Structures are given as structure tokens and as C-alpha cells.
2 protein chains.
Amino acid sequence: MATIKQVAKQANVSVATVSRVMNKSGYVSEDAREAVERAIAELNYSPNRVARSLYKKSSNLIGLIMPDITNPFFPQLARAIEDVANQHGYQVVLCNTDEQLEKEQTYLVALQTMHVDGLIITTNHSHNPNYETLNLPMVALDRIVKAGIDAVISDGYEGGKLAAETLLANGATRLAHIAGPEHLKTVKRRTEGFMEAAGEHLVGMTQSTFTFKEALTASQELFDHHWPFDGVFAANDVIAAAVLQEAVRRNIRVPEELQVIGYDGIELGEMTSPPLTTIVQPIYEMGRLATERLLDLIEKKDTQAKEMLLPVSLLERQTTKRKER
Amino acid sequence: MATIKQVAKQANVSVATVSRVMNKSGYVSEDAREAVERAIAELNYSPNRVARSLYKKSSNLIGLIMPDITNPFFPQLARAIEDVANQHGYQVVLCNTDEQLEKEQTYLVALQTMHVDGLIITTNHSHNPNYETLNLPMVALDRIVKAGIDAVISDGYEGGKLAAETLLANGATRLAHIAGPEHLKTVKRRTEGFMEAAGEHLVGMTQSTFTFKEALTASQELFDHHWPFDGVFAANDVIAAAVLQEAVRRNIRVPEELQVIGYDGIELGEMTSPPLTTIVQPIYEMGRLATERLLDLIEKKDTQAKEMLLPVSLLERQTTKRKER
DNA sequence: GCTTGATATGTAACCGGTTACACATTAAGA
DNA sequence: TCTTAATGTGTAACCGGTTACATATCAAGC
């Protein structure tokens with residue numbers, strides 16, 4: 001790899017001049033600029049980012065902290081983040097924490113010592129590591145961290161409500177629900193919205209994490225203890241897939257006997273049989289927004305912390321009866 | 001953030017001594033060591049990786065180049081890679097290329113200028129960017145790049161064969177197949193193995209990419225043009241899910257009338273109705289192996305390029321008839 | 001007592017960029 | 001013509017580590 005010194009020599013100028021043409025800063029004569037550009041091309045030079053980082057204390061790296069990329073909600077988010085970051089010349093460092101405080105801590109110091117410019121956090125921290133003391137630009141994504149930290153979330157309350165209303169409007173009268181992990185506020189909102197709109201129609205409810213296995217268990221529990229019901233809202237699409245599978249196993253016809261609505265709008269919903277009706281969050285959009293916001297923060301364009309609440313929408317596939325309205 | 005100078009001052013020694021105790025190199029007296037350790041603790045110091053990188057020309061970063069993390073095969077791989085990397089003090093930089101040469105090029109120079117220590121490539125490069133001229137340790141994962149570059153792959157040929165044999169052993173006599181993208185050699189092997197073992201029982205075949213939408217189209221085509229058949233092997237689980245959905249839509253009972261086998265063993269297979277029988281690749285294991293191999297390469301433990309071929313196995317869920325054997 | 005090697009530690013160069021500062025030249029304005 | 005500001009360029013300090021090298025002390029061996 002060529003260095004700036006070699007370029008300078010080749011172009012017959014000093015390193016300062018080379019740096020100036022690269023950064024378009026200060027005064028450079030037309031002649032010098034051309035000579036430098038020629039030398040750069042000839043040597044196929046690209047500046048060493050580590051060296052630049054050291055002086056500038058900025059690495060063009062952003063840290064992405066998530067519970068587990070293996071959870072199908074996250075890849076799309078990661079993709080959006082990476083796309084936007086990349087368009088702006090940033091790279092992203094992937095960190096899976098499994099929501100374990102210790103892993104999170106380890107990553108946090110690693111990211112800090114490598115001088116990442118900012119953080120996107122999609123992990124909860126009810127257990128409160130010292131994000132605040134980190135003094136790094138950061139934005140929370142699909143998570144509410146605390147006032148003073150930017151957040152991008154979707155309107156879970158409205159989503160839950162929309163699910164209940166849809167079920168009811170489609171003729172369901174006995175509603176059931178499988179809630180998500182209690183410690184995730186954004187997920188809890190979905191349950192709250194659903195319960196509000198379901199009112200006395202709610203006949204049963206269980207709880208589950210977002211792993212399919214546990215969702216299956218929770219589904220069985222729901223059927224065992226609360227059957228019959230004719231509409232289910234699951235806190236996310238993975239849980240909904242479990243409900244669907246369990247319904248099939250019990251020879252319950254979907255959507256004729258039982259309508260099911262999920263939440264998230266991940267690709268999985270297309271792949272179930274029948275395809276899943278769901279409340280879609282604008283996942284990619286959320287990732288995009290969060291990243292753009294982070295880059296603004298990094299470039300100090302705005303320091304007023306904001307919470308961005310995005311609308312959700314109903315995607316009717318085939319686990320609900322489409323009613324003419 | 002504290003610097004080594006501050007630590008040195010606090011401990012009343014020179015920066016060289018501090019560096020020595022941190023790296024356990026050279027001679028350090030017991031007294032000095034203790035003083036330095038105390039100072040490090042007091043100042044909550046951790047060394048600046050950027051500075052270290054600059055001198056050592058090594059960043060403890062590895063680049064992970066994949067087509068699209070959104071494709072459900074990759075998150076598990078990414079997870080394995082990140083786990084192993086992290087255990088060894090490395091972080092991973094995520095790069096989605098969509099198999100576009102241009103994005104790949106851009107990433108390659110970005111990764112190089114930031115002095116990543118190595119690369120894991122899960123992307124094909126029939127279009128041949130200059131990996132060879134990169135002069136970086138790298139290992140190909142689930143891809144065959146070329147001789148001289150390490151590769152970790154699973155035995156697609158045996159997998160395809162196993163699928164055909166299973167279908168046949170379960171009583172199927174008219175087999176069909178949906179192949180994957182032609183340019184992926186590892187995927188082509190599956191088709192070859194299947195065709196070899198299916199022999200004259202093969203009655204129809206179409207082709208598809210790994211996106212669900214196109215897989216659905218390919219499935220419809222298969223049913224439209226080659227029905228009836230009683231066993232299908234899909235080149236991966238996403239395609240198998242599409243076949244399943246299309247079968248349900250056409251009121252074809254699985255597995256009674258039609259048996260389906262997928263390939264990969266991703267979580268999606270658990271979530272379909274009925275759950276998918278599939279040929280599982282040891283995905284996590286492959287990621288783990290590839291990363292360990294890369295770290296060995298980085299630490300120059302071994303320079304003899306190897307190709308590691310991992311065995312696959314049949315996971316019987318409910319889209320095949322389990323036969324007493 | 002003198003030589004020698006092991007132990008211990010500090011100084012300064014180095015990694016490859018960026019930029020403050022000094023200095024020179026040129027053009028514009030009075 | 002003289003002053004002044006704009007333009008152009010190089011030198012060297014700096015970012016925060018690592019390490020080669022110089023130097024010093026001390027104990028062992030003769």
C-alpha cells in the first residue's frame with residue numbers, strides 16, 4: 001500500500017499539499033493539484049484510514065448493538081443501517097449481545113477504544129449499562145431507552161388497536177392474544193393497544209419470548225386453556241407463525257374458524273401457509289431513519305434529542321377474512 | 001479517555017514501562033507492574049486501538065462480505081462468525097454486496113484502508129474482483145472461490161443424493177426438483193447429487209433464485225408443467241417453503257400426496273405448516289470453522305490452503321412420510 | 001575486584017495521516 | 001510605490017500507541 005509520502009515524492013510536493021488536495025482544504029495551485037492527482041492514480045493510492053482516525057479521533061465506523069441477528073426481525077434492520085451508513089462512507093461493526101449485560105459491556109469498551117463515531121442500539125437495557133457516560137452519539141431503534149437519547153420506534157399502541165379492530169370488523173367476537181417479553185416497552189404497547197380495543201371481547205392471553213419454540217409452547221397453552229376463540233393477535237410474526245402451526249395441527253381452519261394477525265411484517269409472513277395477515281412496521285424505513293439521524297448527530301447537525309414515532313399499517317394476507325367494507 | 005501518558009505519569013514510570021506491562025513483554029519489576037496496574041485501574045484506562053493499529057498494521061477487525069443478510073441463510077452464519085471472532089478479541093465489519101461487483105470493490109478498498117486483518121467471503125465472484133491481489137488472509141464460506149483460497153463448504157452432492165434416496169425410500173416414484181441459481185457451484189452440486197440418485201424417476205425440474213417471490217413463480221411453473229409428482233427436492237428451504245405454500249393452495253396434501261425436502265436447515269423450516277423435512281448443513285459449525293481457520297491464517301499458524309467439506313444430514317420433520325426402517 | 005549477562009527502565013523514532021504555523025509570492029487598493 | 005490581503009507551499013508537531021536502543025544496576029562467576 002502506497003503512503004502519502006510516496007505520493008508526495010512522486011508529485012514533487014510536500015505531504016501537506018497532498019493532504020490538501022485529498023481533503024479539498026486550504027490553497028492548492030492548479031499545477032500542484034494535477035500533479036498530485038496523477039501521482040495518486042499512478043500509485044493507486046488510498047489514504048490509510050487508521051492514521052487518519054488517530055488524528056481526527058473519528059473512524060467512520062458505527063457500532064450496531066443488537067440482541068441476536070438470528071432473530072428474523074433484525075436482518076432487515078441491519079441491512080437498512082448498513083446501506084445508509086455505506087452510502088455516507090461509514091462501515092458498521094456488528095455486535096450480538098443476547099441482551100447479556102456482560103457481552104454488552106465488553107462490546108462497549110471495544111467499540112469505544114476503536115473510536116466508533118456512533119452507536120445504534122436495538123437492545124434493551126433495563127439493566128442499564130452506562131450508555132450515558134459513554135458520551136457517544138447514539139440512537140435507539142425499536143427500543144425506548146430514556147429521555148435524552150434519540151429513538152426511532154413504530155406506533156405499537158396503534159398497531160395493537162388496529163389488530164383488534166380488524167379482527168372485530170371481520171366478525172370475530174372472542175379474541176385472544178399472545179404477548180411478547182414484558183421488559184420490552186415497545187412490545188408492551190402492542191398489547192396495551194390490543195386490549196384497549198378488544199375490551200370485553202378478550203377471552204384469553206398468554207405470553208412468550210420471540211423464539212419459535214417458546215412461542216409454540218405459549219400457543220399450545222393458549223389453545224389448551226382458552227379455546228374457543230376466533231381471533232388471535234400475536235405480538236410478533238414469529239409467534240403468529242407458531243399459532244398458525246398449532247392451529248393446523250389441531251385441524252382448526254384458518255381463517256374460517258380462526259383469524260390470526262401478527263406484528264412486524266417480516267418476510268416470514270409471506271412464507272407460512274396460509275400467508276400471514278400482519279401489522280407491518282416500516283422496518284427498513286426505521287433503520288434508515290435511525291441511521292440518518294445518527295449521522296446528523298455525528299456531524300453535529302442537531303443536538304436536540306427526538307423521539308420518532310412511525311405509523312404502522314395493516315397488511316391483509318390470508319389469515320383474516322377479507323370483509324367488503 | 002485516558003492515554004498511556006497519563007497512566008505513565010500517575011504510576012511514575014515511562015510510557016514504555018506501561019506498554020510493557022500491558023503487553024507482558026520485556027522486563028518489568030514487580031513494583032513497577034503493581035504501580036502501573038493500579039494506575040490503569042484508577043484511570044479506567046484502556047488502550048486506544050487505533051493507535052495500536054497504526055503501528056502494528058493490524059486492527060483486530062475482520063470483514064464479512066455477504067450477498068444479503070436479509071436472506072435467512074446468512075444471519076446464522078454471521079452469528080457464528082461474530083461469536084468466534086469476539087471470543088478472540090476481534091470485531092466484524094458487515095458488508096452486504098448484493099453480489100454487485102461495484103459494491104464489492106468499494107468495500108474491498110474500504111476494508112483494506114482500515115487494515116482489517118482478514119476476510120470471510122460468502123459471496124460468489126465469478127465476475128472475479130481482485131481478491132488475489134488483496135494479499136489478505138481470507139476464507140470462502142459456502143462458496144468455492146478458487147484453488148489457493150481456503151474454503152468451508154458442506155457436501156451438497158451427498159445432500160442432493162440423500163434427498164432423492166429418502167424420497168424414493170419413502171415410496172415416492174415421480175420426483176421433481178427446483179434448482180437454485182446456476183452460478184453458485186455449491187448449490188449446483190445439490191442438483192447434481194439429486195439427479196444422480198433420482199435417475200429415471202425425475203419427472204420435472206425448474207429453476208429459481210433464493211427469493212421467495214421467484215420461488216413461488218418457479219413452484220407454480222413446476223406444478224403447471226410437470227404435475228403429477230409425489231416428491232420434490234428444493235435447492236433450499238426458502239424454495240421448499242414456496243413449494244409447500246403452492247401445494248396447500250392447490251389442495252395437495254403434504255406429505256400424503258406430495259413429499260417435500262428442502263436444504264439448509266434454517267429456522268424457517270420449523271415454522272412452516274407442516275414443518276419442513278430438510279437436508280441440514282451445519283451452518284453454525286461452518287461459520288465457526290471458517291472463522292477459526294481465518295484466525296489461524298491471520299496468526300500465520302498455517303499457510304497451506306485447505307478446503308473443508310462438511311457432512312450434511314437429514315432432518316425429518318413432517319413433509320415426508322416417516323417410514324419404519 | 002573485574003567481567004559478564006540478566007534485569008529494569010527511559011528516550012526517542014516510528015506508524016501515516018492532518019494541520020498550525022512560518023514563509024514566500026502575487027495581486028489589488030490607496 | 002507601498003501596504004495589505006489572498007494565495008501557495010513546506011516544516012514539523014501531533015494523534016496514542018510500540019519498540020529499538022542506550023543506559024544503569026546487580027548478582028554470579030572467575
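Within every chain, numbering begins at 1; the chains are lettered A, B, ... in the order of the sequence lines, protein sequences first and strands thereafter. Just so you know, these numbers come straight off a predicted model, no measurement behind them. Worth knowing before you read on, the calculation uses all heavy atoms, side chains too, and leaves out hydrogens, waters and symmetry mates.
A donor-acceptor pair under 3.5 Å is formed between the side chain of A:Arg49 and the backbone N or O of A:Ser59. Remark: the backbone N or O of A:Asp142 is paired with a side-chain donor or acceptor of A:Thr186 at under 3.5 angstrom. Panel note: side chain B:Thr291, backbone B:Ala85; no donor-acceptor pair is recorded below 3.5 Å. At distances below 3.5 Å, not a single donor-acceptor pair connects side-chain atoms of B:Thr97 with backbone N or O atoms of B:Glu104. Between the side chain of A:Thr122 and the backbone N or O of A:Ile65 there is at least one donor-acceptor pair closer than 3.5 Å.
At whole-Å resolution of the value, CZ in A:Arg33 and C1' in D:dT9 are 13 Å apart. If you measure from atom NZ of A:Lys24 to atom P of C:dT18, you get 13 Å, rounded to the nearest angstrom.
Distance check, rounded to the nearest 0.5 Å: CG of A:Asn86 to CD1 of A:Ile81 gives 13.0 Å.
Within the structure, the side-chain hydrogen bond (donor to acceptor under 3.5 Å, both in side chains) test picks out the following pairs touching residues 23-39 of chain B (sequence neighbours left out): B:Ser19-B:Asn23. Residue pairs meeting the side-chain hydrogen bond (donor to acceptor under 3.5 Å, both in side chains) criterion with at least one partner in residues 68-85 of chain A, sequence neighbours excluded, are A:Asp68-B:Arg79, A:Arg79-A:Asp83, A:Arg79-B:Asp68, A:Arg79-B:Asp98, A:Glu82-B:Tyr107, A:Asp83-A:Tyr284.
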Can you list the steps and then say if A:Ser58 with A:Asp117 is a side-chain hydrogen bond (donor to acceptor under 3.5 Å, both in side chains)? CA-CA 6 Å; A:Ser58 136; A:Asp117 292 337; 3.3 Å; yes
| said: Test side chain to side chain contact (heavy atoms under 4.5 Å, CB included) on A:Ile153 and A:Arg143; report intermediate values, then the result. | reply: CA-CA 7 Å; A:Ile153 57 178; A:Arg143 293 290 185 269; 5.9 Å; no
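Summary of the strand contacts: A:Thr17 and B:Ser14 both lie near DNA chain C, and taking for each the nucleotide with the nearest heavy atom, the more 5' one is attributed to B:Ser14.
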Here DNA chain C, pairs taken as Watson-Crick or G-U under 3.5 Å and shown with ( ), [ ] when crossing and | when to another strand, reads ||||||||||||||||||||||||||||||
Under 3.5 Å, which protein N or O atoms sit close to an N or O of nucleotides 21-24 of chain C? Give each pair with its distance.
none

Every protein N/O within reach of nucleotides 15-17 of chain C N/O, cut-off under 3.5 Å:
{"from": "C:dC15", "atom 1": "O3'", "to": "B:Lys57", "atom 2": "NZ", "distance (Å)": "2.8"}
{"from": "C:dG16", "atom 1": "OP1", "to": "B:Lys57", "atom 2": "NZ", "distance (Å)": "2.8"}
{"from": "C:dG16", "atom 1": "N2", "to": "A:Ala51", "atom 2": "O", "distance (Å)": "3.3"}
{"from": "C:dG17", "atom 1": "OP1", "to": "A:Tyr45", "atom 2": "OH", "distance (Å)": "3.3"}
{"from": "C:dG17", "atom 1": "OP1", "to": "A:Asn48", "atom 2": "N", "distance (Å)": "3.4"}
{"from": "C:dG17", "atom 1": "OP2", "to": "A:Ile4", "atom 2": "N", "distance (Å)": "2.6"}
{"from": "C:dG17", "atom 1": "OP2", "to": "A:Tyr45", "atom 2": "OH", "distance (Å)": "3.4"}
{"from": "C:dG17", "atom 1": "O5'", "to": "A:Tyr45", "atom 2": "OH", "distance (Å)": "3.0"}
{"from": "C:dG17", "atom 1": "O5'", "to": "A:Asn48", "atom 2": "N", "distance (Å)": "3.3"}

Could you list the protein-to-nucleotides 5-8 of chain D atom pairs, N/O on both sides, closer than 3.5 Å?
{"from": "D:dT7", "atom 1": "OP2", "to": "A:Tyr27", "atom 2": "OH", "distance (Å)": "2.7"}

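By the 6.0 Å contact criterion, NZ on B:Lys9 is open, its count of non-hydrogen atoms from other residues, nucleotides or ligands being 12 or less.
Residue B:Leu289 comes nearest to B:Met308 through the heavy atom pair CD2-SD, 4.3 Å, listed as atom of the first residue, atom of the second, then distance. Minimum interatomic distance between B:Leu61 and B:Tyr90 (heavy atoms only, all atoms of both residues): N-CD2, 4.0 Å.
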